[in-house]
Amino acid sequence: MTKIRDNGFLKRFGENLRRLRELKGLSQEELYFRANLSKNQVGNIERGEVNTTISTAYALSQALGVELPELFKFE
């Protein structure tokens, strides 16, 4: 089975996460603490370096106080 990974999508997802975090006035540290994630995980996601899980995306949405689909609203 071939794995398909769209690195452009990961980068856009991360940029949107960063945009939402900054709109909420949160640092990466505040976000990873609120979402109960590891120290480097938020930075890795924001840079599009990792393919995050849906449960992590959900934790991030809850920590940001937005609905999960908001994390995927980008072009």
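One is the number of the first residue; the rest follow in order along the sequence. Just so you know, these numbers come straight off a predicted model, no measurement behind them.
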Enquirer: Do Leu64 and Leu71 have side-chain heavy atoms sitting under 4.5 Å apart?
Expert: yes
Enquirer: Checking Glu30 now: which residues fulfil salt bridge (Lys or Arg N to Asp or Glu O under 4.0 Å) with it, not counting sequence neighbours?
Expert: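 Residues passing salt bridge (Lys or Arg N to Asp or Glu O under 4.0 Å) with Glu30: none at all.
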Enquirer: Donor-acceptor check, side chain of Arg19 to backbone of Glu15, threshold 3.5 angstrom: yes or no?
Expert: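 Pair absent, no side-chain N/O of Arg19 close to backbone of Glu15.
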Enquirer: Could you pull out all donor-acceptor pairs under 3.5 Å where a side-chain atom in residues 35-44 meets a protein atom, sequence neighbours excluded?
Expert:
residue: Gln41; atom: OE1; partner: Ser38; partner atom: N; Å: 3.4
residue: Asn44; atom: OD1; partner: Arg47; partner atom: NH2; Å: 2.7
residue: Asn44; atom: ND2; partner: Asn40; partner atom: O; Å: 3.4

Enquirer: Would you say Glu22 has more than 12 foreign heavy atoms packed within less than 6.0 Å of its CD?
Expert: yes
Enquirer: If I take atom CG from residue Leu68 and atom CG from residue Leu60, how far apart are they, to the nearest 0.5 angstrom?
Expert: 9.5 Å
Enquirer: Classify the ring geometry of Phe74 against Phe9: parallel below 30°, tilted from 30° to 60°, perpendicular beyond 60°.
Expert: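 Tilted, since the angle between the ring planes falls between 30° and 60°.
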Enquirer: Are side-chain heavy atoms of Gln62 and Arg34 found at a separation under 4.5 Å?
Expert: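 Counting from C-beta outward, Gln62 and Arg34 never come under 4.5 Å.
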Enquirer: Measure the NZ-CD distance between Lys11 and Glu46 for me, rounded to the nearest 0.5 Å.
Expert: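 Answer for the NZ-CD pair, Lys11 versus Glu46, is 11.0 Å.
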Enquirer: I'd like to know if the side chain of Asn51 reaches the main chain of Ile45, judged simply by a donor and an acceptor atom lying under 3.5 Å from each other, with no hydrogens or angles considered.
Expert: no
Enquirer: Do Leu17 and Phe33 belong together in a cluster built from hydrophobic side chains that touch within less than 4.5 Å?
Expert: no
Enquirer: Atom CZ of Phe13 and atom CZ of Arg18: how far apart are they, to the nearest 0.5 Å?
Expert: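 Phe13 CZ to Arg18 CZ: 12.5 Å, rounded to 0.5 Å.
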Enquirer: When rounded to the nearest 0.5 angstrom, what distance separates CG in Leu31 from NZ in Lys24?
Expert: 11.5 Å
Enquirer: Run the side chain to side chain donor-acceptor pair (under 3.5 Å) test against Thr53 and tell me which residues pass, sequence neighbours left out.
Expert: Ser55, Thr56
Enquirer: Above 12 or not: heavy atoms from other molecules or residues under 6.0 Å from CZ of Phe72?
Expert: yes
Enquirer: For the atom pair CG (Leu20) and CD (Glu70), what is the distance rounded to the nearest 0.5 Å?
Expert: 5.5 Å
